[in-house]
Amino acid sequence: MGTRISLSPGGRTATLTVDSDIDERARPAIESAAARLPLTVRYLTLDLARVDFVDSALLHLLRTADHSVTGRGGLLRIAGLRPQPSRLLALAADLWPEARWESYGATAGSN
């Protein structure tokens with residue numbers, strides 16, 4: 001499983017980079033990495049630039065990470081969202097609009 005965490009000076013911002021597909025086998029390790037973030041982290045970027053395939057595990061991962069940082073008054077954003085993961089988020093937004101899945105897609109970019 002390839003995940004890396006980089007913290008900004010001061011520890012308020014972190015990037016969690018995932019280097020492999022996200023499925024139910026990979027999700028626990030990624031969530032564990034996110035759970036180990038210092039409590040000072042308010043802004044988390046999930047870098048998915050190297051992720052070609054995701055399944056519903058991405059939705060669970062996003063909700064878990066989002067609750068963690070928003071509970072601290074922060075914000076979760078996605079960088080490098082590729083086509084297949086983007087389509088999954090669009091489908092989730094169509095099926096469950098109350099979950100605000102489109103907000104993750106709106107923050108996606110290739111930063």
Side-chain angles (χ1 to χ4, degrees):
M1 172 86 250
T3 59
R4 295 183 314 279
I5 296 174
S6 56
L7 290 172
S8 67
R12 292 182 51 82
T13 303
T15 299
L16 176 59
T17 302
V18 181
D19 291 333
S20 64
D21 294 343
I22 300 174
D23 57 19
E24 283 303 315
R25 288 176 294 155
R27 183 171 64 104
I30 301 167
E31 285 180 340
S32 177
R36 290 191 309 269
L37 290 170
L39 294 177
T40 57
V41 172
R42 298 287 185 267
Y43 304 98
L44 175 61
T45 298
L46 185 60
D47 182 356
L48 302 181
R50 295 184 177 166
V51 177
D52 291 317
F53 173 81
V54 299
D55 63 16
S56 62
L58 175 65
L59 304 178
H60 292 282
L61 174 63
L62 289 174
R63 295 310 259 179
T64 301
D66 187 56
H67 286 284
S68 177
V69 295
T70 58
R72 303 174 192 174
L75 177 70
L76 171 68
R77 59 184 288 255
I78 299 173
L81 194 61
R82 297 178 64 99
Q84 190 273 335
S86 181
R87 285 191 302 274
L88 178 73
L89 285 179
L91 177 61
D94 285 344
L95 293 172
W96 303 288
E98 66 280 359
R100 300 181 348 103
W101 297 110
E102 75 284 352
S103 66
Y104 299 114
T107 60
S110 56
N111 312 31

If I take atom CZ from residue Arg63 and atom CG from residue Leu58, how far apart are they, to the nearest 0.5 angstrom?
11.5 Å
Arg82: which of Asp47, Asp21, Asp52 passes salt bridge (charged side-chain N to carboxylate O under 4.0 Å, His left out)
Asp52
d(Ser56 OG, Leu88 CG) to nearest 0.5 Å is 7.5 Å
Can you give the donor-acceptor pairs under 3.5 Å from side chains of residues 34-44 to other protein atoms, not counting sequence neighbours?
residue, atom, partner, partner atom, Å
Arg36, NH1, Ser32, O, 3.4
Arg36, NH1, Ser32, OG, 2.9
Thr40, OG1, Gly11, O, 2.8
Arg42, NE, Arg72, O, 3.0
Arg42, NH1, Leu39, O, 2.7

What about Leu61 and Phe53, same hydrophobic cluster or not, with Ile/Leu/Val/Met/Phe/Trp/Tyr joined at side-chain heavy-atom distances under 4.5 Å?
no
Give me the atom names and distance for the closest heavy-atom approach of Glu31 to His60.
OE2-O, 3.9 Å
State whether the side chain of Ser68 and the backbone N or O of Thr64 hold a donor-acceptor pair below 3.5 Å, judged by distance alone.
no
Check whether any side-chain heavy atom of Val54 sits under 4.5 Å from a side-chain heavy atom of Leu89, and report yes or no.
no
Within a strict 4.5 Å, meaning less than it, do heavy atoms of the Leu16 and Ile30 side chains meet?
yes
Less than 4.5 Å apart, any side-chain heavy atom of Thr45 and any of Ile78?
no
Side chain proximity check, Thr3 to Thr17, heavy atoms < 4.5 angstrom
no
Can you list every pair that meets salt bridge (Lys or Arg N to Asp or Glu O under 4.0 Å) and has a residue in residues 3-16, with sequence neighbours left out?
Arg4-Asp19
Go through it in stages, so that I can follow the logic: the residues are Leu62 and Leu46, the test is side chain to side chain contact (heavy atoms under 4.5 Å, CB included), and I'd like the CA-CA distance, side-chain angles, deciding distance and then a yes or no.
CA-CA 9 Å; Leu62 289 174; Leu46 185 60; 3.7 Å; yes
Minimum-distance pair of heavy atoms, taken over all atoms of Ala33 and Ile5
O-CD1, 3.2 Å
